[in-house]
Amino acid sequence: MLAVGKKPVVVFVHPPKCIANETNVSEMAIFGPKGKLRPLVRVCEEQFGQDNNYAPDGGFTPLALSLLATVLKKKGFESTILELSHSTNPEKALLALRRALQEAGRAIIWGFTATSPSNYSAMRLASLVKECGSLVFFGGSHATVSHEFAIKNCSQLDFVFVGEAEQSLPMLLEFVVDGNGSLDKIQGLTYRLDGANGSQGVGAGVRLGQNVRQTGASLSFPDFEFLSHDVFPDIWGDERAFRIQSARGCKYRCSFCAQAIALQVSELERLAEYIIYLSEKSGSSKINVFFEDATFTSDKARTLKFCEKISQLRKAHGLCVSWGCQTRADCLDAEIISAIADAGCRYVYIGVESLNEQSLKLVRKSVNYLGFASPVVCIEDTLRRLRAAKIMVGCSILVGLPTDNVESFGFTLSKLAGLGVQMVFMESVKLFPMTRLTQSVLVGSNMAADEITSKYYGLIENGTSNPEDRNCYLLSTPSKLEGFYAKAREILGRDFRMDSDGLYVRRNRPPKEEFFMAGSELLRAQGIDESAPQARLFFSYRLAPARKA
């Protein structure tokens with residue numbers, strides 16, 4: 001427990017995929033005017049200026065961290081987010097921030113989150129700060145599925161959160177800082193017990209948290225100050241786009257996914273109020289929004305009501321909302337596509353994974369193809385409808401499924417390219433803890449479940465040079481994967497450029513009019529007078545590379 005009454009700084013860390021220790025860290029602006037701690041501390045090396053997926057001065061800070069920082073602010077705790085996703089030398093950056101806070105006389109509590117490829121980096125960075133005796137906690141969807149293993153085997157972690165932490169984190173801080181409450185009253189928290197007296201510490205027992213849903217009818221949203229400067233250059237040019245999570249979790253259970261949080265959605269009225277809030281804070285009546293919900297259009301009735309809300313915002317507040325989302329092909333029928341296009345949707349990212357029927361069955365993504373000859377026909381029809389509606393499309397593809405070979409993989413890529421898909425993101429299939437795919441692989445094999453999890457937490461080294469594969473078992477051999485990626489370069493290399501590992505963006509885009517309604521047609525759809533200032537604002541974005549910092 002920290003000294004009673006001594007308010008610490010909570011540093012949320014968003015780690016990178018790899019730790020190279022090769023470049024110098026640019027100077028970090030940790031404190032603002034009058035010595036106030038900045039809400040976001042970004043570290044970005046020069047080499048990422050060429051990565052067209054990100055703004056050099058930006059970074060995709062997880063919205064979960066932004067939300068937790070907002071919650072702590074309301075509870076009277078000071079925090080900052082250390083954005084390291086674009087840092088190849090995160091250890092140096094971490095130590096520099098720690099040194100600056102210590103020199104300012106501040107105690108520190110460290111919080112880490114991680115996606116699958118960055119979990120290895122997260123554990124290394126957590127070990128670095130734990131050596132100084134700091135308290136360290138860990139959370140996220142993947143931490144949730146393996147929380148017991150993490151707390152038993154990773155001594156650098158003091159606490160692991162299960163599920164959401166909006167309620168449990170403030171309660172934990174009130175206990176360790178002010179001595180209020182007790183650990184056993186905090187639901188959704190896993191920690192070690194000292195077998196002798198039950199106090200927190202390394203010992204024989206482990207207290208397991210429960211995945212408890214946060215009470216309340218709706219999700220909350222982060223304060224403006226905790227939002228990173230996100231740019232989607234192939235959609236909104238160099239204009240800022242706000243990311244919003246209007247629903248958390250997913251009702252689907254794809255076999256390769258480690259999502260373990262049940263679906264929870266926000267009220268549409270609160271969502272509309274938040275869009276107005278972002279407009280007021282940014283000082284612009286034109287708002288670009290990308291919804292990070294796993295499947296934004298999974299509830300058809302809610303999607304159609306949302307489109308009505310966007311129309312109301314336009315009429316009542318003069319807002320021009322250009323937006324994108326991610327979803328599934330079976331959640332986009334003709335009525336939904338028409339409605340979202342009229343409501344300003346300009347981009348949809350779909351988890352296609354494959355156009356091989358056997359592969360779709362394997363990953364439990366054999367879509368609801370009622371009225372279609374097959375799920376593949378359903379996906380192809382959805383992509384054609386999106387193109388006809390002037391909506392840009394990005395797709396994710398899994399590489400290395402045992403049901404695929406180079407020919408079937410090539411068929412998928414050729415089809416997508418021919419259907420006008422703008423972005424293709426490919427990722428090697430990996431085995432993550434507790435997924436259905438992992439469980440099926442373990443059946444009949446000599447591997448134990450803990451072996452998969454041990455590697456995920458960096459406890460098993462394999463010396464790979466690819467940071468994506470360092471802490472995960474691949475479903476295919478590296479040589480087989482190289483055959484797949486060689487096929488991708490052969491098919492996509494003519495019309496697409498490779499922006500980063502696995503991401504291809506269409507090189508020679510059709511004229512803007514093909515994907516965006518032009519002139520009076522668009523203005524009428526948005527209910528805007530051609531002579532109004534909003535008309536010029538609406539067309540102000542452009543499909544251009546992001547500016548360098």
Side-chain angles (χ1 to χ4, degrees), residues 1-15 28 30-31 36-41 61-62 64-84 90-91 93-114 121-140 143 147 150-151 154-162 164-183 185-192 199-202 207 209 222 226:
M1 187 183 301
L2 297 181
V4 175
K6 186 177 182 181
K7 289 285 185 184
V9 171
V10 178
V11 177
F12 295 104
V13 182
H14 182 207
M28 294 186 297
I30 296 172
F31 296 103
K36 184 179 180 181
L37 183 66
R38 291 184 182 275
L40 278 164
V41 177
T61 301
L65 296 185
S66 301
L67 179 56
L68 288 176
T70 300
V71 170
L72 294 189
K73 177 184 175 182
K74 294 176 181 178
K75 295 288 186 178
F77 291 97
E78 194 173 9
S79 66
T80 188
I81 300 172
L82 181 58
E83 173 55 71
L84 295 174
E91 293 179 329
L94 194 76
L95 294 175
L97 183 138
R98 188 192 69 188
R99 183 168 55 252
L101 290 175
Q102 289 177 335
E103 290 173 352
R106 309 301 298 273
I108 313 171
I109 294 178
W110 300 88
F112 292 82
T113 188
S121 297
M123 293 300 102
R124 278 193 57 179
L125 295 175
S127 296
L128 188 65
V129 295
K130 189 60 183 173
E131 292 173 358
C132 306
S134 299
L135 280 178
V136 178
F137 60 84
F138 184 52
H147 60 106
I151 205 67
C154 302
S155 59
Q156 65 269 49
L157 304 178
D158 296 298
F159 304 98
V160 178
F161 288 98
V162 183
E164 298 83 10
E166 287 96 311
Q167 289 184 336
S168 49
L169 178 56
M171 293 176 67
L172 174 63
L173 294 179
E174 288 170 0
F175 172 77
V176 300
V177 176
D178 300 322
N180 296 330
S182 62
L183 289 178
K185 299 295 184 182
I186 305 175
Q187 294 182 314
L189 186 68
T190 302
Y191 55 91
R192 285 178 291 273
S199 61
Q200 192 270 333
V202 178
R207 192 268 191 180
F226 294 110

* Structure fact -> Between the CD1 atom in Ile30 and the CZ atom in Arg38, the distance rounded to the nearest 0.5 Å is 10.0 Å

* Check step by step if side chain to side chain contact (heavy atoms under 4.5 Å, CB included) holds for Leu157 and Met123. => CA-CA 8 Å; Leu157 304 178; Met123 293 300 102; 4.1 Å; yes

* For the atom pair CG (Leu37) and CZ (Phe31), what is the distance rounded to the nearest 0.5 Å? -> 6.0 Å

* Asked: Roughly how far apart are Phe12 CZ and Phe226 CZ, rounded to 0.5 Å?
  -> 8.5 Å

* Asked: Among Val129, Leu128, Leu125, which one satisfies side chain to side chain contact (heavy atoms under 4.5 Å, CB included) with Leu95?
  -> Leu128

* To do: Please assess Glu91 against Arg124 for the test side chain to side chain contact (heavy atoms under 4.5 Å, CB included), listing each intermediate value before the final yes or no.
  => CA-CA 9 Å; Glu91 293 179 329; Arg124 278 193 57 179; 3.0 Å; yes

* For Leu189 and Phe161, run side chain to side chain contact (heavy atoms under 4.5 Å, CB included): C-alpha distance rounded to whole Å, both residues' side-chain angles, the deciding distance at 0.1 Å, then the answer. => CA-CA 5 Å; Leu189 186 68; Phe161 288 98; 3.6 Å; yes

* To do: Under the salt bridge (charged side-chain N to carboxylate O under 4.0 Å, His left out) rule, what do Lys75 and Glu174 come out as? Steps first, then yes or no, please.
  => CA-CA 9 Å; Lys75 295 288 186 178; Glu174 288 170 0; 5.0 Å; no

* Asked: Does any non-hydrogen side-chain atom of Trp110 lie less than 4.5 Å from one of Arg98?
  -> yes

* Asked: Given side chains that start at C-beta, do those of Val10 and Leu68 come closer than 4.5 Å, heavy atoms only?
  -> no

* side-chain hydrogen bond (donor to acceptor under 3.5 Å, both in side chains) involving Thr70 - partner list, sequence neighbours excluded -> none

* **Euclidean distance, Asn180 CG relative to Leu173 CG, rounded to 0.5 Å** => 11.5 Å

* Asked: Taking the side chain as C-beta and beyond, is there a heavy-atom pair between Val71 and Leu169 under 4.5 Å?
  -> no

* Separation of Lys185 NZ from Leu183 CG (nearest 0.5 Å) -> 12.0 Å

* Asked: To the nearest 0.5 Å, how far apart are CZ in Phe112 and CG in Leu82?
  -> 8.5 Å

* Asked: Hey, does Gln156 have a side-chain heavy atom less than 4.5 Å from the side chain of Phe138?
  -> no

